[in-house]
Amino acid sequence: MSHGWEESAAAWIADVGGNGDYARAHVLDAPMLARVDGRGFANALDVGCGEGRFCRMLRDRGIAATGIDPTIGLLEEAKRRDPDGDYRAARAEALPFADASFDLVVSYLTLIDIPDAARGIAEMARVTKPGGALLIANLNSFITAAGPEPGTDCAAGARRFVIDDYSAERAEWVEWRGIRIRNWHRMASTYMSLLLGEGLELRHFDEPLPQGGDPETARRFRRVPWFVLMEWRKPGA
């Protein structure tokens, strides 16, 4: 079953692959990097690295970053922009690495793309070293439950946020500026139970707010909690 990524690769690179979209540049990058900087991570795995943007950020910080992605068009762009980088074709559900290979494993807005979240999370936990960290940014489950268009016009003329069928796990097609991909909706408790089930310890949780950028766009991202950011530690070190 197609999830739209190969067909959308060129549009994604044009829209997001440079400095990132508003969500990355003004909401998620800073708090994600704050969980990385000064922590002494020697190597990292970026699961669902796309065109390699966050891998390049990690490499700029002296961290040996490996990126995996199943979308060949995005991997080719990652290698073009970062010829010395380590980018490999693979899926989250079957990571081609030995147990305890990485100090840091990153899932930056990729859990929503993984059909088998249980297997993907188990694999991320498996390749994390004891004492290492799994750093996750994900769409808030309220957002994914809202469907392709989260707003609705009320009788008073105001735009309001509406969710429905929160408990029903499903994949929805989302489209913008030539990109058409499938995003998975799962309850927040599904993700939390899977992570806890791997024996991971939650060390940080945040619903980051926008910083700077276009004021109208910032207001949209402040009205409802669009993202969650979590750091999980693998015990044992």
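Position 1 is the first residue of the sequence, and the numbers go up from there. In this text the structure is predicted, and so the values were computed from the model without any measurement. Reckoned from all heavy atoms, side chains included, excluding hydrogens, waters and symmetry mates.
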S.K.: Using the side-chain contact (heavy atoms from CB on, under 4.5 Å) rule, take Y108 and M32 through it: C-alpha gap first, then chi angles, then the decisive distance, then the call.
M.R.: CA-CA 9 Å; Y108 194 148; M32 286 287 282; 3.8 Å; yes
S.K.: To check you understand the geometry: which heavy-atom pair defines the closest contact between A78 and G50, and what is its length?
M.R.: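 Looks like CB-O, 4.0 Å.
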S.K.: Backbone N or O of P210 within a donor-acceptor pair of the R222 side chain at under 3.5 Å?
M.R.: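 Pair found, side chain donor or acceptor close to backbone of P210.
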S.K.: Specify the closest pair of heavy atoms between M124 and S107, including all atoms of both residues, with the distance to one decimal.
M.R.: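 The answer is SD-CB, 4.0 Å.
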S.K.: Is there a side-chain contact (heavy atoms from CB on, under 4.5 Å) between I68 and L45? Walk through the geometry before answering.
M.R.: CA-CA 8 Å; I68 67 103; L45 174 66; 3.9 Å; yes
S.K.: Aromatic rings W12 and W5: how do their planes relate, parallel, tilted or perpendicular, breaks at 30° and 60°?
M.R.: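 It falls in the perpendicular class, over 60°.
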S.K.: Does the ring of W173 carry R180 above it, NZ/CZ under 6.0 angstrom from centre and within 45° of its axis?
M.R.: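 Here R180 passes the 6.0 Å and 45° test against W173.
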S.K.: Are M192 and L135 linked, directly or through intermediate hydrophobic residues, by side-chain heavy-atom contacts shorter than 4.5 Å (ILVMFWY only)?
M.R.: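 Yes; M192 is reachable from L135 via cluster members.
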S.K.: Less than 4.5 Å apart, side chain to side chain, heavy atoms only: is that true for R91 and P115?
M.R.: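 Sidechains of P115 and R91: in contact.
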S.K.: Which heavy-atom pair separates A100 from P130 by the least distance, and what is that distance?
M.R.: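 Nearest heavy atoms, A100 then P130: CB-CD, 3.9 Å.
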S.K.: For the pair N43 (side chain) and I63 (backbone), establish whether a donor and an acceptor sit closer than 3.5 Å, ignoring hydrogens and angles.
M.R.: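 Answer holds: no.
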S.K.: Does some side-chain heavy atom of L28 sit less than 4.5 Å from a side-chain heavy atom of P208?
M.R.: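 Yes, at least one pair of side-chain atoms sits under 4.5 Å.
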S.K.: The test is side-chain contact (heavy atoms from CB on, under 4.5 Å); show your working for F102 and T128 and say whether it passes.
M.R.: CA-CA 5 Å; F102 297 95; T128 304; 6.0 Å; no
S.K.: Please step through salt bridge (Lys or Arg N to Asp or Glu O under 4.0 Å) for the pair D103 and K129, ending with a clear verdict.
M.R.: CA-CA 6 Å; D103 298 328; K129 293 179 181 178; 3.3 Å; yes
S.K.: If you take all heavy atoms of T71 and A9, which pair is closest and at what distance?
M.R.: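 Minimum heavy-atom contact is CG2-CB, 4.3 Å.
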S.K.: Between R126 and E123, is the closest basic N to carboxylate O distance under 4.0 Å?
M.R.: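 Salt bridge flag = yes for R126 with E123.
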S.K.: Set out, in order, the CA-CA distance, both residues' side-chain angles and the distance that settles side-chain contact (heavy atoms from CB on, under 4.5 Å) for L111 and L139, then state yes or no.
M.R.: CA-CA 8 Å; L111 285 181; L139 279 175; over 6 Å; no
S.K.: Out of curiosity, R80 CZ to Y87 OH, how far, rounded to the nearest 0.5 Å?
M.R.: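 One gets 12.0 Å once the value is rounded to the nearest 0.5 Å.
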S.K.: Regarding R39 and D37, does a basic nitrogen lie under 4.0 Å from an acidic carboxylate oxygen?
M.R.: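 The answer is no: the pair does not qualify as a salt bridge.
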S.K.: What pair of heavy atoms forms the shortest contact from D164 to R170, and how long is it?
M.R.: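 That closest heavy-atom pairing would be O-NH2, 3.2 Å.
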S.K.: Return the orientation label for the Y166 and F142 ring planes: parallel under 30°, perpendicular over 60°, tilted otherwise.
M.R.: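 Correct class here is tilted.
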S.K.: Check whether any side-chain heavy atom of L195 sits under 4.5 Å from a side-chain heavy atom of L202, and report yes or no.
M.R.: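 Contact flag for L195/L202 side chains = no.
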S.K.: Salt bridge or not for E169 and R186, using N-O below 4.0 Å?
M.R.: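 The answer is yes: the pair qualifies as a salt bridge.
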S.K.: Going through the checks in order, is the side-chain hydrogen bond (donor to acceptor under 3.5 Å, both in side chains) test met by T144 and S141?
M.R.: CA-CA 5 Å; T144 55; S141 294; 4.6 Å; no
S.K.: Are L75 and I114 linked, directly or through intermediate hydrophobic residues, by side-chain heavy-atom contacts shorter than 4.5 Å (ILVMFWY only)?
M.R.: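 I114 and L75: separate clusters.
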S.K.: Would you mind reporting whether L58 and F41 have side-chain heavy atoms less than 4.5 Å apart?
M.R.: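 No; the side chains remain at least 4.5 Å from each other.
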S.K.: Which heavy atom in P225 sits nearest to a heavy atom in N140, and how many Å separate them?
M.R.: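 Closest approach of P225 to N140, heavy atoms only: O-CB, 2.9 Å.
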S.K.: V228 versus D206: any side-chain heavy-atom pair under 4.5 Å?
M.R.: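 Result no, sub-4.5 Å side-chain heavy-atom pair not found.
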S.K.: Quick one: pull up CG in L95 and OG1 in T66 and give me the separation to the nearest 0.5 Å.
M.R.: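 Atom-to-atom, L95:CG and T66:OG1 are 11.0 Å apart.
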S.K.: Atom CG in L200, atom CH2 in W232: separation rounded to 0.5 Å?
M.R.: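 Taking CG in L200 and CH2 in W232, the distance rounds to 7.0 Å.
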S.K.: Within the structure provided, determine whether E207 and L229 are in side-chain contact (heavy-atom separation under 4.5 Å).
M.R.: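 E207 does not reach L229 side chain to side chain.
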S.K.: For R203, is there an ion pair with E201 - N to carboxylate O distance below 4.0 angstrom?
M.R.: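 Judged by the 4.0 Å cut-off on N to carboxylate O distance, E201 and R203 do form a salt bridge.
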S.K.: Can a donor-acceptor pair be found, under 3.5 Å and without considering hydrogens, that links the side chain of E172 to the backbone of R182?
M.R.: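 A pair under 3.5 Å: no.
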S.K.: Is the side chain of D165 donor-acceptor paired with the backbone N or O of A168 at a distance under 3.5 Å, no angle test?
M.R.: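 A pair under 3.5 Å: no.
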S.K.: Looking at CD1 of I181 and OG of S8, how far apart are the two atoms once the value is rounded to the nearest 0.5 Å?
M.R.: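 If we round to the nearest 0.5 Å, I181:CD1 and S8:OG are 6.5 Å apart.
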S.K.: Given side chains that start at C-beta, do those of L196 and L194 come closer than 4.5 Å, heavy atoms only?
M.R.: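 A side-chain contact is absent here, since even the closest heavy-atom pair is not under 4.5 Å.
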S.K.: Measure from the side-chain N and O atoms of K234 to the backbone N and O of A125, and report whether any donor-acceptor pair falls under 3.5 Å.
M.R.: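 Looks like yes, one N/O pair under 3.5 Å.
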S.K.: Kindly indicate whether the side chain of M57, heavy atoms from C-beta on, has any atom under 4.5 Å from the side chain of L33.
M.R.: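 Result yes, sub-4.5 Å side-chain heavy-atom pair found.
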S.K.: Test your reading of the model: is there a side-chain donor-acceptor pair from S193 to the backbone of T190, 3.5 Å cut-off?
M.R.: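 The answer is no, because no donor-acceptor pair under 3.5 Å joins these two groups.
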S.K.: Do Y22 and L209 share a hydrophobic cluster, counting only Ile, Leu, Val, Met, Phe, Trp and Tyr and linking them when any side-chain heavy atoms are less than 4.5 Å apart?
M.R.: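 Different hydrophobic clusters.
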S.K.: Is a donor on one side and an acceptor on the other found under 3.5 Å between the side chain of H26 and the backbone of Q211?
M.R.: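 Yes, H26 side chain to Q211 backbone: donor-acceptor pair under 3.5 Å.
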S.K.: Same hydrophobic cluster for I179 and I72, using side-chain heavy-atom links shorter than 4.5 Å among ILVMFWY?
M.R.: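 In one cluster with I179: I72, no.
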S.K.: With a 4.0 Å cut-off, would you call R53 and E77 a salt bridge?
M.R.: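 Looking at E77 together with R53, the answer is no, because their closest N to O distance does not fall below 4.0 Å.
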S.K.: Could you give the distance from CG (D84) to CZ (R59), rounded to the nearest 0.5 Å?
M.R.: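 Going from the CG atom of D84 to the CZ atom of R59 covers 6.0 Å.
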S.K.: Would D82 and R56 pass as an ion pair if we require N to O under 4.0 Å?
M.R.: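 Result for this pair is no, no salt bridge flagged.
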S.K.: Within this structure, what is the CD-CD1 distance for the pair E231 and I136, rounded to the nearest 0.5 Å?
M.R.: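 Output value for this atom pair is 10.5 Å.
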